[in-house]
Participant: 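A single structure is presented below for examination.
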Amino acid sequence: MAAKQGTYKLRLRKGDLVRVVSGSHKGSEGKILAVYPEANRVVIENVNFIKKAQRPTQDNPRGGYIEREAPVHASNVQILDPQTNKPSRVAYKIEGSSKIRVSSKTGAHLDD
């Protein structure tokens, strides 16, 4: 199945440990909280905080500003190899009738 023009198949999944390799948050590590493949972006835990204005609601009658993570472009992050804890690319390997994700550096399984 072909992706839409300008989008690529993301090899990152929710729950993966990644490191930001470029941009203003370079060197930060965290777990992926959300993946947006149509926008090529991922939300990483404790990375790229923004202040967002919150309107008053019944749950929060005062409103105010809240801090939350904003998405980062997927090309700026790399998955961490579980054996070496260094950034690596994602490769695929066929085992039996299933296709699994592996680290291209060490061949370690990324899917537990």
Side-chain angles (χ1 to χ4, degrees):
M1 176 161 82
K4 289 188 277 184
Q5 185 176 356
T7 62
Y8 303 95
K9 181 177 187 247
L10 293 184
R11 295 166 184 222
L12 303 170
R13 302 281 178 266
K14 183 177 177 180
D16 286 345
L17 288 174
V18 295
R19 181 178 295 163
V20 180
V21 294
S22 66
S24 59
H25 300 283
K26 182 176 180 175
S28 301
E29 294 181 6
K31 188 171 70 167
I32 294 182
L33 301 175
V35 179
Y36 302 109
E38 65 281 350
N40 285 336
R41 293 188 169 268
V42 293
V43 177
I44 306 169
E45 186 177 41
N46 297 325
V47 175
N48 197 22
F49 274 100
I50 59 167
K51 286 185 188 270
K52 183 175 167 98
Q54 184 74 36
R55 285 185 174 223
T57 61
Q58 286 184 343
D59 295 336
N60 184 11
R62 290 195 49 182
Y65 292 98
I66 59 169
E67 281 195 349
R68 56 184 276 192
E69 294 97 349
V72 176
H73 201 272
S75 67
N76 294 340
V77 301
Q78 277 192 322
I79 196 160
L80 289 177
D81 190 316
Q83 289 181 352
T84 62
N85 203 30
K86 292 185 178 179
S88 173
R89 293 182 183 173
V90 177
Y92 288 99
K93 191 177 193 180
I94 307 277
E95 285 188 359
S97 62
S98 61
K99 181 177 169 182
I100 59 169
R101 294 184 311 146
V102 295
S103 166
S104 62
K105 282 191 177 179
T106 61
H109 291 259
L110 299 174
D111 298 324
D112 293 84

Participant: Testing the basics here: between Ser28 and Val47, what is the closest heavy-atom pair and its distance to 0.1 Å?
Facilitator: CB-CG2, 3.8 Å
Participant: For Asn48 and Pro71, indicate whether the former's side chain and the latter's backbone hold a donor-acceptor pair under 3.5 Å.
Facilitator: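 A pair under 3.5 Å: yes.
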Participant: With a cut-off of under 6.0 Å to the ring centre and 45° to the axis, is Lys99 in cation-pi contact with Tyr92?
Facilitator: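 Yes, Lys99 sits over the ring of Tyr92.
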Participant: Is any side-chain heavy atom of Val18 closer than 4.5 Å to one of Val42?
Facilitator: no
Participant: Taking Val20 as the starting point, is it possible to reach Leu10 by hopping between hydrophobic residues whose side chains are less than 4.5 Å apart?
Facilitator: yes
Participant: Treating Arg101 as the side-chain partner and Val90 as the backbone partner, does any N or O pair qualify as donor plus acceptor under 3.5 Å?
Facilitator: no
Participant: Any side-chain heavy-atom pair from Tyr36 and Val43 closer than 4.5 angstrom?
Facilitator: yes
Participant: Would you say that Glu69 contacts Phe49 through its side chain, given a criterion of any heavy-atom pair below 4.5 Å between the two side chains?
Facilitator: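 In contact.
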Participant: Please examine the side chains of Gln78 and Arg19, heavy atoms only from C-beta on, and report whether any two atoms are closer than 4.5 Å.
Facilitator: no
Participant: Which value, rounded to the nearest 0.5 Å, describes the distance between Ile44 atom CD1 and Leu33 atom CG?
Facilitator: 8.5 Å
Participant: From Glu67 CD over to Lys51 NZ, what is the distance, rounded to the nearest 0.5 angstrom?
Facilitator: 4.5 Å
Participant: Got a donor-acceptor contact below 3.5 angstrom from the Lys93 side chain to the His109 backbone?
Facilitator: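 Pair absent, no side-chain N/O of Lys93 close to backbone of His109.
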Participant: So, taking the atom named CG in Asn46 and the one named CD in Glu29, what distance separates them when rounded to the nearest 0.5 Å?
Facilitator: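 These two atoms lie 12.0 Å from each other.
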Participant: Please determine whether the number of non-hydrogen atoms from other residues, nucleotides or ligands lying under 6.0 Å from atom CZ of Arg13 exceeds 12.
Facilitator: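 Correct, the count exceeds 12.
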Participant: Can you give me the closest heavy-atom contact between Pro61 and Pro56, atom names plus distance?
Facilitator: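 In terms of heavy atoms, the two residues are closest at O-CB, 3.3 Å.
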Participant: Side chain to side chain donor-acceptor pair (under 3.5 Å) between Ser103 and Asp81: does it pass, once the steps are laid out?
Facilitator: CA-CA 6 Å; Ser103 166; Asp81 190 316; 2.7 Å; yes
Participant: Within the structure provided, determine whether Asp16 and Leu110 are in side-chain contact (heavy-atom separation under 4.5 Å).
Facilitator: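 A side-chain contact is absent here, since even the closest heavy-atom pair is not under 4.5 Å.
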Participant: Out of curiosity, Asn60 CG to Gln54 CD, how far, rounded to the nearest 0.5 Å?
Facilitator: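 Answer rounded to 0.5 Å: 6.5 Å.
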Participant: Can you list the steps and then say if Lys105 with Thr84 is a side chain to side chain contact (heavy atoms under 4.5 Å, CB included)?
Facilitator: CA-CA 9 Å; Lys105 282 191 177 179; Thr84 62; 5.6 Å; no
